Colleague: 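Let me begin by handing over the structure; questions about it come next.
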Amino acid sequence: MKRIAILSALALLAGCDNDPAVVFEDAGIILPDDPIDLPEGPGRDAVIENCTACHSPSTMLQQPKVSREKWESIVGKMKTLYKAPVDDAAVPAIVDYMVHVQSQPEPGV
Ligand code: HEC
């Protein structure tokens, strides 16, 4: 009886020395380059702080030109529908920026 106990203790110890069954390899992902950067303009920082967590610049810039009211409603939709943590105080600056950028000859280039 005593001998069996010793043997199983040895078996347990031996088990601890085994290599782990699951081996994780280093893995990486490469995100696509976004060739478009947010152009300079008033409110750019507000957009970076509140919008770029979810969007690449091109998502925001490659939109049909719309009115200021439409931008207000898009930003509102980001907050209510997609739960974007947009700072209320930053909304006018964000809307100004989007309107400004869309009024440039080649937005986003
Ligand atoms: C919490 C994540 C999140 C944040 C932050 C966010 N959005 Fe969005 N946005 C989405 C999702 C989800 C969609 C819909 C799916 C898509 O088009 O990628 C979307 C879509 C859009 C679109 C496409 C047109 C449309 O009406 O759907 C625009 C433009 C846009 N967002 C602008 C903004 C701007 C400007 C901000 C900053 C105020 C912002 N987003 C912040 C999640 C977010």
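Everything numeric here is computed off the predicted structure, so don't read it as measured data. No hydrogens, no waters, no symmetry mates; every other heavy atom, side chains included, goes into these values. Order of appearance sets the numbers: ligands from 1, and atoms from 1 within every ligand.
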Colleague: Between Met98, Gln102, Lys70, which is the residue that forms a side-chain contact (heavy atoms from CB on, under 4.5 Å) with Lys65?
Modeller: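 Of Met98, Gln102, Lys70, side-chain contact (heavy atoms from CB on, under 4.5 Å) with Lys65 is met by Gln102 alone.
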Colleague: Within the structure, does Lys77 bring an N/O atom to less than 3.5 angstrom of an N/O atom in ligand 1?
Modeller: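 Yes - when backbone and side-chain N and O of Lys77 are compared with those of ligand 1, one distance drops under 3.5 Å.
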Colleague: Among all the protein's heavy atoms, is there at least one whose distance to atom 24 (C) of ligand 1 comes out below 4.0 Å?
Modeller: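 It does: a protein heavy atom is found less than 4.0 Å away from atom 24 (C) of ligand 1.
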Colleague: What is the closest protein heavy atom to atom 15 (C) of ligand 1, and at what distance does it sit?
Modeller: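 Going atom by atom, the protein heavy atom closest to atom 15 (C) of ligand 1 ends up being Tyr82 OH, 4.5 Å.
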Colleague: Is Met78 close to Cys51 at the side-chain level, that is, under 4.5 Å between some pair of heavy atoms?
Modeller: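 No, too far: nothing below the 4.5 Å cut-off.
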Colleague: Does a side-chain heavy-atom distance below 4.5 Å link Pro39 with Val101?
Modeller: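 Yes, close enough: below the 4.5 Å cut-off.
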Colleague: Starting from atom 21 (C) of ligand 1, which protein heavy atom do you reach first, and at what distance in Å?
Modeller: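 Nearest neighbour among protein heavy atoms for atom 21 (C) of ligand 1, to 0.1 Å: Met78 CE, 3.1 Å.
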Colleague: Which heavy atom of the protein is the closest neighbour of atom 32 (C) of ligand 1, given with residue, atom name and distance?
Modeller: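 Looking at atom 32 (C) of ligand 1, the protein heavy atom closest to it is Met60 CG, 3.8 Å.
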Colleague: Give, for atom CG of Asp45 and atom CG of Leu38, the distance between the pair rounded to the nearest 0.5 Å.
Modeller: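 Here the rounded value is 10.0 Å.
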Colleague: Would Val47 and Met60 satisfy side chain to side chain contact (heavy atoms under 4.5 Å, CB included), going step by step from the backbone distance to the final call?
Modeller: CA-CA 10 Å; Val47 172; Met60 290 177 284; 4.0 Å; yes
Colleague: What's the separation between atom CD1 in Ile94 and atom CG in Asn50, rounded to the nearest 0.5 Å?
Modeller: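 CG of Asn50 is found 4.0 Å from CD1 of Ile94.
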Colleague: At what distance is the nearest protein heavy atom to atom 1 (C) of ligand 1, and which residue and atom is it?
Modeller: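 Here the closest protein heavy atom is Cys54 SG, 2.9 Å.
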Colleague: Got a second to check how far Glu40's CD is from Gln104's CD, nearest 0.5 Å?
Modeller: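 Between Glu40 CD and Gln104 CD, I get 11.5 Å after rounding to 0.5 Å.
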Colleague: Please classify the Ala53 to ligand 1 contact at 4.0 Å (heavy-atom distances, strictly less than): side chain, backbone, both or neither.
Modeller: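 Looking at Ala53 and ligand 1, no heavy atom falls under 4.0 Å.
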Colleague: Restricting to N, O or S atoms of His55, which is nearest to atom 8 (Fe) of ligand 1?
Modeller: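 Within His55, restricted to N, O or S, atom 8 (Fe) of ligand 1 is closest to atom NE2.
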Colleague: Would you say atom 17 (O) of ligand 1 has a protein heavy atom nearer than 4.0 Å?
Modeller: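 It does not: no protein heavy atom is found less than 4.0 Å away from atom 17 (O) of ligand 1.
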Colleague: Which residue holds the protein heavy atom closest to atom 37 (C) of ligand 1, what is that atom called, and what is the gap in Å?
Modeller: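 Result for atom 37 (C) of ligand 1: Cys51 SG, 1.8 Å.
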Colleague: Check Gln63 against Thr59 and note the closest heavy-atom contact, atom names and distance.
Modeller: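 For Gln63 and Thr59, the tightest heavy-atom pair comes out as NE2-O, 2.6 Å.
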Colleague: Under a 4.0 angstrom heavy-atom cut-off, which atoms of ligand 1 come close to Trp71?
Modeller: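 Reading through ligand 1 atom by atom, the close ones are 29 (C).
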